[in-house]
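Report on one structure; see the data block that follows.
Note that the structure is predicted; figures quoted are calculated from it, not measured.
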Amino acid sequence: MQLSGVGIWSSQLRYGDPAEAAEAAAELEELGYAAVWIPDVGGPVFDAVENLLGATERIVVATGILNLWMHEPADVAARFASLTGTYGDRFLLGIGVSHAPLIDAGDPGRYRKPLAATRAYLDALDALDQPVPAEARVLAALGPKMLHLSATRAGGAHPYLVTPEHTATARAALGDGPLLLPEQTAILTTDAGEARSIGTEWLRSYLQLPNYANNILRSGFTQEDVDTASDRLFDAIIAWGDEEAILRRVAEHRAAGADHVCVQVLDADPQAFPREQWRRLAAALA
């Protein structure tokens with residue numbers, strides 16, 4: 001699969017009202033976005049994927065990411081085959097190992113050796129009668145070992161909560177060829193106070209997860225930046241401002257080696273579909 005341009009990463013498309021999600025996906029396609037990305041923390045993620053595929057004709061639907069601890073490989077491969085058989089080559093399977101605090105909360109000690117767990121999951125997919133093709137899957141990857149696995153066992157990488165500088169590092173690790181598809185969080189406001197009011201607690205929630213915190217430390221930030229969700233870190237991770245400011249950050253990722261950037265728009269109401277903001281960004285992209 002080839003993927004370029006700009007997409008939308010949205011929890012609302014996964015967990016919001018299915019009818020509104022379908023309507024929003026159809027509009028995002030008409031607005032010219034290349035892909036829509038949805039998260040997964042278990043449950044019927046493939047039903048959400050099918051809802052979005054069924055509402056659209058051209059746009060790619062991607063999981064960002066499917067939690068490998070919560071879905072059996074055989075079930076994943078069967079649904080992948082069914083969805084691609086019905087809707088064609090528009091489903092990109094993003095797979096990730098998630099985070100110890102989330103997985104161990106329900107089953108203490110289950111989360112261990114994430115790299116080995118990911119390899120084993122890919123082995124299981126590949127051993128099936130109808131495997132998920134490597135080029136149709138990407139891995140949630142931040143560090144060098146997972147990026148290497150993304151290049152050798154998948155079609156590329158989907159880093160989350162990263163800077164353009166990380167994108168450059170990831171491209172160097174992947175080499176030419178594999179897809180690099182980072183997520184970029186954005187808040188459409190020129191008011192710094194409003195931006196921080198919307199985004200700070202969102203950012204803090206991710207900084208509590210070791211995989212993200214460790215990657216941020218590897219990227220040159222300090223423990224104090226992580227502990228306080230400092231303004232320096234906030235501005236590096238979250239693009240805020242007018243449409244041009246958001247698209248400048250997207251362009252920085254592209255210049256650093258990203259093939260495609262999926263933008264996650266935060267709004268004061270985290271449950272609402274930020275459709276007006278999506279329209280504003282699309283108009284600026286046109």
Side-chain angles (χ1 to χ4, degrees), residues 6-14 33 35-39 64-65 96 99 140-142 157-170 180-258 260-282 284-285:
V6 176
I8 292 295
W9 194 106
S10 170
S11 61
Q12 295 87 356
L13 292 174
R14 167 71 169 92
Y33 289 106
V36 291
W37 294 74
I38 60 171
I65 52 74
H99 307 272
L142 296 173
H158 170 51
Y160 185 95
L161 209 76
V162 295
T163 65
E165 290 77 16
H166 181 275
T167 294
T169 300
L180 180 53
L181 315 166
E183 175 270 350
Q184 174 60 60
T185 306
I187 302 172
L188 268 167
T189 179
T190 57
D191 184 310
E194 182 181 15
R196 282 167 171 69
S197 175
I198 292 171
T200 297
E201 289 309 309
W202 176 92
L203 179 57
R204 286 184 189 278
S205 69
Y206 283 105
L207 296 178
Q208 295 172 14
L209 300 173
N211 293 2
Y212 291 129
N214 291 336
N215 187 61
I216 285 167
L217 293 172
R218 281 196 304 267
S219 299
F221 293 92
T222 67
Q223 188 64 53
E224 183 178 2
D225 288 321
V226 172
D227 292 342
T228 65
S230 69
D231 288 351
R232 171 178 174 248
L233 179 56
F234 186 103
D235 294 343
I237 294 293
I238 300 176
W240 60 273
D242 59 14
E243 293 90 330
E244 287 70 26
I246 308 305
L247 296 185
R248 278 197 301 271
R249 182 69 63 84
V250 170
E252 290 173 6
H253 282 286
R254 296 295 300 274
H260 166 92
V261 180
C262 48
V263 177
Q264 178 179 186
V265 176
L266 301 186
D267 186 72
D269 180 356
Q271 306 303 318
F273 288 76
R275 295 176 69 168
E276 181 57 34
Q277 292 98 314
W278 293 343
R279 293 169 189 144
R280 288 169 57 189
L281 284 177
L285 280 166

Give a yes or no on whether the backbone of Ile237 and the side-chain of Gln184 come within a donor-acceptor separation of less than 3.5 Å.
yes
Heavy-atom distance under 4.5 Å between the side chains of Tyr212 and Asn215, does that happen here?
no
Gap separating the CZ atom of Phe273 from the CD1 atom of Ile8, nearest 0.5 angstrom
12.5 Å
Ile65: which residues meet the side-chain contact (heavy atoms from CB on, under 4.5 Å) condition with it, sequence neighbours left out?
Ala140, His158
Considering non-hydrogen atoms only, spot the tightest contact between Ala272 and Asp267 and give its length.
CB-OD2, 4.5 Å
Will you find, in the side chains of His253 and Thr167, an N or O donor that is under 3.5 Å from an N or O acceptor?
yes
The test is ring pair (Phe, Tyr, Trp, His ring centres under 6.0 Å); show your working for Tyr160 and Trp9 and say whether it passes.
CA-CA 10 Å; Tyr160 185 95; Trp9 194 106; 5.3 Å; yes
Show your working on side-chain contact (heavy atoms from CB on, under 4.5 Å) between Leu233 and Leu207 and close with a plain yes or no.
CA-CA 11 Å; Leu233 179 56; Leu207 296 178; 3.9 Å; yes
Stepwise side-chain contact (heavy atoms from CB on, under 4.5 Å) test for Val6 and Tyr33
CA-CA 6 Å; Val6 176; Tyr33 289 106; 4.2 Å; yes
Strictly distance-based, threshold 3.5 Å: is any side-chain N or O of Gln264 a donor or acceptor partner for the main-chain N or O of Leu266?
no
What's the verdict on side-chain contact (heavy atoms from CB on, under 4.5 Å) for Trp240 and Glu194, showing C-alpha distance, side-chain angles and the deciding distance?
CA-CA 10 Å; Trp240 60 273; Glu194 182 181 15; over 6 Å; no
Interatomic distance, CG@Leu188 vs CH2@Trp278, rounded to 0.5 Å, equals 12.5 Å
Euclidean distance, Ile216 CD1 relative to Leu203 CG, rounded to 0.5 Å:
6.5 Å
Are the side chain of Ser197 and the backbone of Gly193 linked by a donor-acceptor contact shorter than 3.5 Å?
no
Minimum heavy-atom separation for Pro164 and Ala256, please, with both atom names.
O-CB, 3.4 Å
State, yes or no, whether a side-chain contact exists between Asp225 and Leu217 at a heavy-atom distance under 4.5 Å.
no
For residues Ser10 and Val265, determine if any side-chain heavy atom of one lies less than 4.5 Å from a side-chain heavy atom of the other.
no
Hey, are the side chains of Phe221 and Ser230 touching, using non-hydrogen atoms and a 4.5 Å cut-off?
no
Pair Thr163-Glu165, side-chain donor/acceptor within less than 3.5 Å
yes
Shortest non-hydrogen pair, Trp37 vs Ala35, comes out as NE1-CB, 3.8 Å
Identify the two heavy atoms, one from Thr228 and one from Glu224, that lie closest to each other, and give their separation to 0.1 Å.
OG1-O, 2.7 Å
Please give me the minimum heavy-atom distance between Arg204 and Ala229, naming the atom from each residue.
CG-CB, 3.9 Å
Heavy-atom pair with the smallest gap, counting every atom of Glu243 and Arg280:
OE2-NE, 2.9 Å
Between Arg218 and Leu142, is any pair of side-chain heavy atoms under 4.5 Å apart?
yes
Here the gap from Thr189 atom OG1 to Asp191 atom CG, rounded to the nearest 0.5 Å, amounts to 5.0 Å
What is the distance from atom CG of Leu281 to atom CG of Asp242, rounded to the nearest 0.5 Å?
10.0 Å
Show the atom names and distances, to 0.1 Å, of all donor-acceptor pairs under 3.5 Å that link a side chain in residues 245-252 to residues at least two apart or in another chain.
residue, atom, partner, partner atom, Å
Arg249, NH1, Ala236, O, 3.0
Arg249, NH2, Asp235, O, 2.7

